[in-house]
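Below is one structure, written out as structure tokens; the observations come after it.
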Amino acid sequence: MDKATYTYEALQQKYVNFITPALEVTIGSTTYSSREIPILNLEVELNADGSAGGCSFTVDSQYKAEASKWKNDFDKSVKVGAKLAVKGGYVKMEEIFYGYIDEYSFVYNGNEGPRIEITGIDGLGYLMSMREPLYAGQRQAKNLVEDILGKSVAKGYAKSATVGLLSGFQKLKTPIIKEQIDDWSFLNLLAGRYGASLFAVDGELIFDDVASDTKPLIKLAVGAGLRSFTKRVSLAHQVGRVEVWGRDVNQKPIKGTADTVTIGGAAEQSAAKLAPALQSAVLREYSEYARTQEECELMAQNRLNSIAMGLVSGEGACIGIPELIPGRYIEIDGLDSSTNGSYFVSRVKHRFDSEGYSTTFEVKGAKTK
């Protein structure tokens, strides 16, 4: 995952004032350039919320009606399960998607020329089909997650997997069992318990606490890349305290609590500080997995932090920037003092269409000014 920090001015220089958008699509072992064939309405969506990322586009004007065949046998290269990679940018291009084709359609219309519509999904999509049970015994949770993510890497649907050293993750006492659930859903359950984000960027499958690293990816402002931005603050679903109850190895009840949000910065205010009445709003949950008070406290804290990240939300649009990815923070500047600040990027969409190359993004945060 890219950990660098960029300036708008440096990217503007790299991409020569962001003129003449271009892209390349690799299917299997063959690369197709937008300068050579019409690649229409390409959209890449990347998520840091556990959802699989995707890609969709249309290839047009490649059908030779007089011969009833596709130019250069293009149709033969389009196969479900084939590698799908997309590079986008301008004079220079960067990879913005890596995965595989999961669906395609041949579209014949009497009013228009035949076209091929293609959709792809990243390496998390493959794990949705893996449903075999898992009885891990006393194996370390980190090694188990690495093995699961490694299934996509081994099939070529991802390039690599990164599993962070999460707080408490190595101290899991409960034997891990997976039954009647797919690998992707199982990893999302573990991510929720241990405060991780599950997502894919540039072929890397990531299971890590990325929300705690607040170093911004880039600063955008009106007149410097930012085209629009909306910020909203909502108390919906917010609570002041979370309790997680479990039972120890002797079946004695145990409890862990959390009432202080530990992500999103120290200077800003959480929901309970903005609206003190929320301090008496308690969410109580019961866990069949916690076997120690420490595990209960860890799960309670992660649950509270996860809920708190819904306090602030918003969306923005900017000029097409290949470097913009989810799982990092973006700094917004040039607006009012209540809106300027740092936000966690939860979703990014890169789009190439008749209007050029644009990027939209969604943000969230646990605290506000």
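The figures that follow rest on heavy atoms only: side chains count, while hydrogens, waters and symmetry mates do not.
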Looking at [Y], is its backbone amide N or carbonyl O close enough to the side chain of [X] to form a donor-acceptor pair, meaning the two atoms are under 3.5 Å apart?
{"X": "S152", "Y": "L149", "answer": "no"}
{"X": "D336", "Y": "S338", "answer": "yes"}
{"X": "R284", "Y": "W245", "answer": "no"}
{"X": "K178", "Y": "I181", "answer": "yes"}
{"X": "R347", "Y": "E315", "answer": "no"}
{"X": "S34", "Y": "I39", "answer": "no"}
{"X": "Y157", "Y": "L124", "answer": "no"}
{"X": "N340", "Y": "L335", "answer": "yes"}
{"X": "N302", "Y": "R193", "answer": "yes"}
{"X": "H350", "Y": "L324", "answer": "yes"}

Residues, nucleotides or ligands: over 12 heavy atoms within 6.0 Å of [X] [atom1]:
{"X": "E9", "atom1": "CD", "answer": "yes"}
{"X": "E132", "atom1": "CD", "answer": "yes"}
{"X": "K369", "atom1": "NZ", "answer": "yes"}

Query - Chi angles and distances behind the side chain to side chain contact (heavy atoms under 4.5 Å, CB included) call for M309, I263 - result: CA-CA 8 Å; M309 286 295 282; I263 57 174; 3.5 Å; yes
Query raised in the report: When you check the gap from the basic side-chain N to the acidic O, do E362 and K364 get nearer than 4.0 Å?
Result: no
Report task. Using a strict cut-off of less than 4.0 Å between a Lys/Arg side-chain nitrogen and an Asp/Glu carboxylate oxygen, indicate whether D75 and K69 qualify as a salt bridge. Result -> no
Report summary line: Contacts of E323 meeting side chain to side chain contact (heavy atoms under 4.5 Å, CB included) (sequence neighbours excluded), chain-then-number -> Y6, L11, K14, Y15, E94, I321
How close do [X] and [Y] get, counting heavy atoms only, and between which atoms?
{"X": "V244", "Y": "S287", "answer": "CG1-CB, 4.0 Å"}
{"X": "I27", "Y": "S77", "answer": "CG2-O, 3.2 Å"}
{"X": "C296", "Y": "A290", "answer": "SG-CB, 3.6 Å"}
{"X": "D122", "Y": "Y100", "answer": "O-CE2, 3.7 Å"}
{"X": "G120", "Y": "L84", "answer": "CA-CD2, 3.7 Å"}
{"X": "G50", "Y": "N188", "answer": "CA-OD1, 3.3 Å"}

Query - Qualifying residues under ring pair (Phe, Tyr, Trp, His ring centres under 6.0 Å), relative to F199, sequence neighbours excluded - result: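 Once residues adjacent in sequence are excluded, F199 has no partner under the ring pair (Phe, Tyr, Trp, His ring centres under 6.0 Å) criterion.
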Report summary line: Sorted by chain and residue number, the ring pair (Phe, Tyr, Trp, His ring centres under 6.0 Å) partners of Y108 (sequence neighbours excluded) come out as Y63
Please tell me whether [X] and [Y] have a donor and an acceptor in their side chains that are separated by less than 3.5 angstrom.
{"X": "E297", "Y": "Q301", "result": "no"}
{"X": "E204", "Y": "Y98", "result": "no"}
{"X": "T31", "Y": "T26", "result": "yes"}
{"X": "D49", "Y": "S51", "result": "yes"}

Query raised in the report: Measuring from W184:CH2 to M128:CE, what's the distance to the nearest 0.5 Å?
Result: 4.5 Å
**Report entry** Distance, nearest 0.5 Å, that separates OG1 of T359 from CZ of R227
**Finding:**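 The OG1 atom of T359 sits 8.5 Å away from the CZ atom of R227.
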Name each donor-acceptor pair under 3.5 Å that joins a side chain in residues 213-226 to protein atoms two or more places apart or in another chain, with its distance.
from : atom 1 : to   : atom 2 : distance (Å)
D213 : OD1    : K215 : N      : 3.3
K215 : NZ     : K3   : O      : 2.8

Query raised in the report: Are L205 and L189 in one and the same hydrophobic cluster, where Ile, Leu, Val, Met, Phe, Trp and Tyr link if side-chain heavy atoms are under 4.5 Å apart?
Result: yes
Query raised in the report: V107, L40: one ILVMFWY side-chain cluster at the under-4.5 Å cut-off?
Result: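 Shared cluster, no.
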**Report entry** F207 and E146: CA distance, side-chain angles, deciding distance, side chain to side chain contact (heavy atoms under 4.5 Å, CB included) verdict
**Finding:** CA-CA 9 Å; F207 186 98; E146 289 173 337; over 6 Å; no
Centroid separation [X] to [Y] less than 6.0 Å:
{"X": "Y343", "Y": "F361", "result": "no"}
{"X": "Y357", "Y": "Y90", "result": "yes"}
{"X": "F18", "Y": "Y8", "result": "yes"}

Report summary line: Those residues at least two apart in sequence (or on a different chain) that pass side-chain hydrogen bond (donor to acceptor under 3.5 Å, both in side chains) with D353 are R351
Requested in this report: Begin from the C-alpha positions of V59 and Y32 and carry the test side chain to side chain contact (heavy atoms under 4.5 Å, CB included) through to its verdict.
Outcome: CA-CA 10 Å; V59 175; Y32 304 92; over 6 Å; no
**Report entry** Residues T162, M1; criterion side chain to side chain contact (heavy atoms under 4.5 Å, CB included); working and verdict
**Finding:** CA-CA 9 Å; T162 299; M1 181 178 174; over 6 Å; no
Query raised in the report: Given F344, which of V210, I330, V312 fulfils the side-chain contact (heavy atoms from CB on, under 4.5 Å) condition?
Result: V210
Query - Qualifying salt bridge (charged side-chain N to carboxylate O under 4.0 Å, His left out) pairs, either residue in residues 251-263, two or more places apart - result: none
